[in-house]
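Encoded as structure tokens, the structure appears first; notes follow it.
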Protein chains: 2
Amino acid sequence: MRPIDESTVPEWDADAEVVIAGYGVAGAAAAVAAAQQGAEVLVLERAGGWGGAAALSGGFIYLGGGTALQRACGYDDTPANMAAFLTAALGPGGDPHKIRLYSEGSPEHYDWLTGTCGVAFRPAFFGEPAWEAYGDEGLMYSGGENAHPFTAIADPAPRGHLPCAGPLTGAPNGEQGRGRLLMEPLVRTASRLGVTARYDTRVDGLVVAADGRVCGVRARSFGRTLHVRARRGVILTTGSFTYDEAMVGAHTPRLSGRPGAAVEEHDGISIRLGQALGAQVSHLDACEVAVGVDPQHLIRGIVVNAHGQRFINEDTYAGRIGQASLLHQGNGCWLVLDETGFEEADAATRAAEQLRTSPTVVAETPTELASAMGLPEGALESTLDLYNRHAEQGRDPVHHKAAAWLRPLKGPLGAVDLSPRTAGFALGGLTTDTEGRVLHVDGSPLPGLYAAGRATTGIATGGYASGASLGDGTFFGRRAGHEAARR
Amino acid sequence: MRPIDESTVPEWDADAEVVIAGYGVAGAAAAVAAAQQGAEVLVLERAGGWGGAAALSGGFIYLGGGTALQRACGYDDTPANMAAFLTAALGPGGDPHKIRLYSEGSPEHYDWLTGTCGVAFRPAFFGEPAWEAYGDEGLMYSGGENAHPFTAIADPAPRGHLPCAGPLTGAPNGEQGRGRLLMEPLVRTASRLGVTARYDTRVDGLVVAADGRVCGVRARSFGRTLHVRARRGVILTTGSFTYDEAMVGAHTPRLSGRPGAAVEEHDGISIRLGQALGAQVSHLDACEVAVGVDPQHLIRGIVVNAHGQRFINEDTYAGRIGQASLLHQGNGCWLVLDETGFEEADAATRAAEQLRTSPTVVAETPTELASAMGLPEGALESTLDLYNRHAEQGRDPVHHKAAAWLRPLKGPLGAVDLSPRTAGFALGGLTTDTEGRVLHVDGSPLPGLYAAGRATTGIATGGYASGASLGDGTFFGRRAGHEAARR
């Protein structure tokens with residue numbers, strides 16, 4: 001892991017202008033952009049094929065500020081509006097330069113994805129509360145933009161862009177995670193531009209020239225050690241540290257044992273390789289946390305903590321509920337619904353084959369339910385009483401769930417234990433500038449070293465929105481590729 | 001900030017076996033221990049005199065496991081009992097090796113402080129709810145050991161050890177923070193053992209020999225640059241990064257603009273110097289958060305968040321209330337008390353000249369009070385109703401405040417806005433082993449480099465107890481001094 005002095009490298013086993021570690025979404029975007037600059041690009045991927053966490057994901061790309069897809073679906077958005085949302089919802093601690101650039105560059109980035117890379121999006125808006133669209137609709141809310149408190153901070157605009165099957169994707173839509181519908185065109189585009197890839201090749205060291213510049217990598221491939229020279233730059237894109245128990249324990253211990261939406265390759269090696277050169281890191285405590293319950297159910301019920309208290313509006317982004325539950329409420333949370341609520345939600349999700357959400361415990365009365373849930377005496381009753389009293393008036397002055405979803409919870413009740421259903425991935429990593437250059441703790445760039453994706457701190461430093469990682473991974477990965485090739 | 005190659009050092013301006021950066025409590029303990037090993041020790045301190053944050057602090061040292069002071073006050077404690085508390089209350093994410101060693105070594109460390117260093121403690125227990133003892137009592141609860149949920153996890157034992165004026169302290173007791181009564185004997189002991197110090201000397205670089213060993217420091221002193229050779233080792237003890245806005249923004253943004261119990265010298269330079277050599281860091285998000293309200297008031301009232309809900313037992317360590325408020329409840333919290341409560345608490349604190357705690361708003365009824373506080377309609381009323389109903393029965397099944405402090409809140413009410421009263425310091429820093437060696441991200445020690453105090457991650461990685469910083473700063477500072485000198 002310690003930097004390798006170039007003078008100790010026996011010989012270069014391979015050579016390229018730009019060497020990229022990791023062939024997930026950030027690596028693919030970087031590869032395309034570097035190749036567009038005319039650079040010779042070699043991607044080293046630890047797994048047996050390209051894809052990374054992105055290929056298995058839902059495929060959301062968080063874009064806005066007035067993309068062609070937003071306009072085609074009839075939604076207005078501006079970069080300033082988008083930046084206001086990101087600053088409020090994905091912080092605290094966001095980098096204002098990254099947020100501004102990302103918001104302003106979003107429409108063009110969408111055009112690059114569709115035009116240059118051939119990613120397809122169907123111009124249809126999906127409006128149900130859901131983790132993902134049921135069909136191949138291309139646009140949906142994915143971060144709570146249309147819920148309290150963000151409706152008062154920025155004009156609501158959906159920014160979750162979801163790819164569909166297009167001319168460059170082999171898989172028929174729906175057979176696999178839609179992330180593949182993003183990854184496949186990116187990789188095909190990279191190949192078309194001459195990018196080459198080596199698989200089963202795990203980067204585990206950075207080679208540094210006498211002048212301090214990163215000039216290559218060391219890797220293990222099919223049992224032997226390789227040294228690969230990078231004549232212009234090295235780009236680290238091997239993902240988060242979610243699967244490294246030691247790093248999780250040191251930085252975000254509440255996530256320990258709960259990896260989600262990550263892949264086993266997410267061992268934080270890029271972050272540690274950067275740190276070994278004195279790189280700055282940031283927001284290593286931050287994580288995305290999903291809760292494995294369908295939003296159709298969440299939105300119709302109340303979510304309570306181990307004290308029987310509500311703590312959030314249930315119509316917000318479900319990942320926000322997950323983060324609040326795991327990071328701020330001690331993870332002992334429950335969803336409480338009445339029979340009508342379960343029936344309505346089941347009906348809404350059945351056709352779509354979404355997440356099955358069955359009650360962990362059921363009871364005839366709030367007191368019996370609270371007892372079965374192990375909640376303190378009187379607390380759930382008090383919460384339900386206040387909620388129901390307000391819901392009868394179509395109001396939720398305490399947590400501001402929208403009136404459309406308010407209905408007193410009556411009759412037999414069921415509760416879903418959310419504790420075993422929270423899982424997520426780490427958001428923090430190497431501190432990079434807007435061009436993807438890895439920064440030293442003294443604030444200056446480390447020559448020859450670039451990074452992108454979840455190995456870096458991106459636009460989400462506290463909160464999250466679905467699509468932020470594929471979004472900033474492609475956006476800043478592309479900039480890193482461009483910058484590295486330009487040298 | 002980048003490592004300085006020894007070959008580029010023009011000449012050594014000074015020389016010692018062990019060079020310590022920072023003359024706060026960790027530096028002083030390291031200096032004494034290194035000198036006890038016979039090493040020639042030079043301490044470089046940025047300020048005009050020794051003391052650091054420790055000298056201005058309340059002087060708590062968190063010790064237990066059966067110290068002589070605990071026994072003299074009639075309290076039983078064991079290392080296992082102490083470790084169980086620390087693991088539960090100061091985590092998540094604590095280093096089990098550090099916690100075990102600290103708990104087991106605590107009684108001997110107390111003897112070292114009193115015997116070798118001449119720190120005095122009066123064997124008297126102070127039992128009032130308070131941030132600090134009113135007189136010169138030597139022992140009190142300082143971490144919520146005697147409150148829910150910790151009473152069920154470990155046998156309650158007070159571990160806040162408070163020094164009093166003794167033969168080695170010039171200041172009469174009570175005139176200054178009791179931290180001085182710890183610092184002064186430590187520094188006198190160091191001086192007696194031959195330790196020398198240079199003031200106005202700010203370390204800003206580490207000098208590294210050809211073999212990779214840290215062999216000195218660069219510093220600025222009275223306007224000029226010095227290079228100081230360290231023949232055995234360098235110990236970094238310049239405190240936390242609480243006053244470095246960039247680091248706070250990158251690691252623990254909720255603390256931004258709220259430094260407390262820290263000094264301006266806490267600029268994180270030790271952490272950044274270590275990082276520039278590839279050092280691992282951990283728990284940089286963690287912080288101690290005090291709330292500037294007297295516990296006599298807190299314990300008699302209810303603390304509610306911006307939703308009008310209670311979230312913690314008000315008889316726990318007040319710093320725990322501060323942490324929960326700022327880090328998990330969005331900092332919009334209030335203390336609500338009735339007239340009787342204010343009168344009782346005022347009476348209890350008046351004689352002691354403790355913190356003045358006056359209501360921000362007052363009202364005749366809960367509804368009027370909630371409105372003046374800007375709370376959502378009905379929420380505070382619901383909370384008070386449930387609390388009072390249970391309090392009448394002498395119970396608090398929701399948050400488990402002890403029966404002795406339960407009384408229905410009735411009649412005119414007052415609320416204290418806690419938002420402007422939260423402040424604290426960062427707990428995370430360089431990752432060290434139990435001997436104070438700074439660890440590289442690959443897990444191996446960085447040769448010649450040691451660290452202690454709040455420049456490092458100590459026993460508090462999430463929660464906090466008063467005395468944890470002076471405690472682990474002296475305990476692991478001492479071990480670092482011993483180890484560096486031993487080489």
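So that the names make sense, note that chain A is the first sequence line, chain B the second, and so on, each numbered from 1.
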**Complete:** Correct closest heavy-atom pair for A:H148 and A:H399 would be CD2-O, 3.8 Å
**Item:** Under 4.5 Å from any heavy atom of chain B - which part of A:L375
**Value:** neither
**Qualifying residue, where the test is side-chain hydrogen bond (donor to acceptor under 3.5 Å, both in side chains) with A:S282 and the options are A:D95, A:T461, A:T456, A:T431** = A:T431
**Message:** Does any backbone or side-chain atom of B:V248 lie under 4.5 Å from a heavy atom of chain A? Answer side chain, backbone, both or neither.
**Reply:** neither
**Region of A:S256 that comes under 4.5 Å of a non-hydrogen atom in chain B** = neither
**Request:** Below 4.5 Å from any heavy atom of chain A, which atoms of B:H400 appear? Answer side chain, backbone, both or neither.
**Result:** neither
**Minimum heavy-atom distance B:D396-B:K401, with the two atoms named** = OD2-N, 2.7 Å
**Proximity breakdown for B:L273 and chain A, heavy-atom pairs closer than 4.5 Å** = neither
**Side chain / backbone / both / neither for B:T457 at chain A, heavy atoms under 4.5 Å** = neither
**Message:** Using a 4.5 angstrom heavy-atom cutoff, name the option from B:M1, B:Q280, B:H307 with the most pairs to chain A.
**Reply:** B:H307
**Message:** Does A:R202, at its CZ atom, have more than 12 non-hydrogen atoms belonging to other residues, nucleotides or ligands within less than 6.0 Å?
**Reply:** no
**Message:** Between A:D204 and A:R272, does any NZ, NE, NH1 or NH2 come within less than 4.0 Å of an OD or OE carboxylate oxygen?
**Reply:** no
